[in-house]
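Each remark here refers to the structure printed beneath this line.
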Amino acid sequence: MRDYLLIYVNGRRYKISGKRGFQSLSDFLRYDLGMVGTKVVCAEGDCGSCTVLIGRVRNSQLLYEGIDSCIQYLYQLDCSHVITVEGLKDEAQIIHPVQKAMVDAAGSQCGYCTPGFVMALAAMLETGETLTRHSVQDGLTGNLCRCTGYEQIIDAGLSLNQKVIPKASKCYDAKAILADFMEHVVQPVYCEYEKKWNGVGQQVQFFVPAYLEEALEFKQKNKHVTVVAGGTDISVQMNKERLEPNCIMSLTHLTGLEILEIENKTVTVGAKVTWTELGEFCQEHLPELAEIISIFASRQIKNAATLAGNIANASPIADSLPFLHVIDAEMELTASHGTRWVNINRFYHGYKNTEMKPDELITRIRWNLPEPEAVLKLYKVSKRKDLDISTFTAGILLRLKKGKIQNARLAFGGVGPVVLRLPKTEEFLQGKPMLLGIFHEAGKLARDEISPISDVRASSDYRLQLAENILLKFFHECSDNQNKKEAA
Amino acid sequence: MKENGNQVTNVSAASSVTNDDLFVDDLPPAQNELRSDFIESPAAQKRDRMKVVGKQVAHDSAVGHVTGDALFVDDLPFTKNELVVDFIGSPVAHGEIINLNSEELAQLDGITGVFTHADIPGHNLYGPVIQDERFLAEGVVEYVGQPIAIIAGESREAIRQAKKKLRLEIKELVPVFTIEEAISAKQFIGTTRRFKQGNFEKAWSEAEHT
């Protein structure tokens, strides 16, 4: 058992123990190391000013990706190599080509968001993707600028020639760092300290297990533990002072949960699989879900956040849930005494109340791919197209035979305390022909099966109308496709 | 217009003018007032003015921005004995402040002081042109987050903890959200001001669109 975290920053090795491990990476950089080039603006992973590169052990290699350092706490980052904006300059203090491109393209004005943009561009070079206008825009969706304007920044990105420019990570001895990490990832880390204030002491602890058995044992002993994988919601709650967990377990080293495979049309996704990984996987196997993944979060978020986190967080507007509900996904819940599979349609009992027992962890999620003759459509309605919290979500899965609906599954989010299946509407649709009038009627029925509230995102009336209209939208999209097929 | 365009207004001359209806541009030129202009030949003038046209000139802070070396206020190192200051804001859009446990908060670990409007020695007003906004709320609050008190402490953590012990009693009043509500409640911002020049009544009565 180690009592310190091992983190490299710009090639320098740091052992972090005690209280210091309980802070966000951005606080550690700015206040402990005095590296103030990394800026914090929103502190909730929306603006990207705090973007840094992070190299983590993946398949026995260091994989470098951009993340928001404000919502990554140090206990999530054991055995990672952080590269900050200060770490892009070479030994002769010559600025990196990405930095020069931003200067030359006039990509900064007030300069506060600039280090984040520089790091987001540097992250694109790490993945080696072709830099087109579309990919540069996509790579910068997680960075907000309020004064320069995005054109100059996109120009800076387009001016980069990845064939010539060295990756930022290549400036460091990755081999030596990796060797150091490989020695340490097999050791669990435990840190604690006593938070004392105004005469009242409180024990605060975190645990980073090396193996699943250790994790399950810890969860059994500490039933109130807050489990963190990507932490993109929990860390926000902590930054905004809505949550102050005193016992945390980070899944960082549980490589067994990184499984992502398809076998006999069954997709299995480990609890540590990030949205970036799942998104790439879905491009080929589930384009409809890939589309939702592409708009629901920035790269920085998707590089950290997980599907399992989206499920466990139990928000009624979690973007993956309508899909999982109509596809009849199952979650593997694991405790030290055993494992059970639970269908997602029986997982949520009420608002933020799930079937999970205190000693259980979500370890895997699986579902069968829709049959070729099935039609799957997913919808996300939000005020902005990209990166917004949904107002309303929907998943519709129909099995058709000779123009008739054999079977219908509908799941709507944002219309109740949990994502709702619509059994009456589903039953109504069964056996009916694909006609506009049928979907009109189905829309009216759908209204009666949901109970949306009015909140900051939308009124109850608006959500009811969306629930009705989404069925018409679905019908028209299907007829469009049908017409195209016939024309072809 | 052309004459005015090149004119540098002498501010001390302006201070002797008390007509409220005048804008800076309307002020009469002061005696012997200097006019800014180029003194080179017209050709040199043109050359100098044009030398940057069409060229991308790097922002003089650009290198600092892209490297993170440019220091912003929040980036400066802490000085010895530096205090962290925060506001206690209103939780409601409109309300009457009944009580705040500021004295109790001030006694907590790491808290140096809690100050309300009553602690401000001078006046409590500020504003860019007309000083009619209260710095700290007095008696009533009129928007969510309106600063009611300042809290100073030795660390962010101390303030974070102290805020949990905050007991703020507020009697909620009906908030005013729309123009219609403001008109019926006769709640207006400041006093009505009119700017008139020349024969206003005549121009107004003859105007095609009013």
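What you see below is based on every heavy atom in this structure, not just the backbone, and it leaves out hydrogens, waters and symmetry mates. Numbers restart at 1 for each chain; the letters A, B, ... are given by sequence-line order, proteins then strands.
- Contact annotation for A:L88: neither backbone nor side-chain heavy atoms come within less than 4.5 Å of a heavy atom of chain B.
- Interatomic distance, CZ of B:F115 versus CD1 of B:I120, reported as 10.5 Å (0.5 Å rounding).
- Contact annotation for A:Y31: only side-chain heavy atoms (C-beta onward) come within less than 4.5 Å of a heavy atom of chain B.
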Please table the atom pairs, donor to acceptor, closer than 3.5 Å between any side-chain atom in residues 132-152 of chain B and protein atoms at least two apart or in another chain.
unit_1: B:E138; atom_1: OE2; unit_2: B:N124; atom_2: ND2; d: 2.7
unit_1: B:Q146; atom_1: OE1; unit_2: B:E142; atom_2: N; d: 2.5

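- Proximity to chain A involves both the backbone and the side chain of B:T67, based on heavy atoms less than 4.5 angstrom apart.
- Looking at A:V103, both its backbone and its side chain come within 4.5 Å of chain B, counting heavy atoms on both sides.
- Between A:D233 and A:Q237, the side chains place a donor N or O and an acceptor N or O closer than 3.5 Å (distance only, hydrogens not considered).
- With a 4.5 angstrom heavy-atom cutoff, B:K164 touches chain A only via side-chain atoms.
- Residue A:C110 touches chain B through its backbone alone, counting heavy-atom pairs closer than 4.5 Å.
- In the model, A:S108 has a side-chain atom that pairs as donor or acceptor with a side-chain atom of B:H65 under 3.5 Å.
- Contacts with chain B were tallied for A:N198, A:T84, A:T114; A:N198 has the most, counting heavy-atom pairs under 4.5 Å.
- A:Q23 places a side-chain heavy atom less than 4.5 Å from the side chain of A:D32.
- Defined by atom type and a distance below 3.5 Å, a donor-acceptor pair is missing between the side-chain atoms of B:Q107 and B:E103.
- Of the listed residues A:K195, A:E244, A:H96, the one with more heavy-atom pairs under 4.5 angstrom with chain B than any other is A:E244.
- Only the side chain of B:L71 comes within contact range of chain A, with at least one heavy atom under 4.5 Å from a heavy atom of that chain.
- Relative ring orientation between A:Y172 and A:H81 is described as perpendicular, the plane-to-plane angle rising above 60° on a 0-90° scale split at 30° and 60°.
- Neither the backbone nor the side chain of A:K100 has a heavy atom closer than 4.5 Å to any heavy atom of chain B.
- Only the side chain of B:D69 comes within less than 4.5 Å of a heavy atom of chain A; its backbone N, CA, C and O stay farther away.
- Here the straight-line distance linking atom CG of A:N10 with atom CE of A:M35 works out to 4.0 Å at 0.5 Å rounding.
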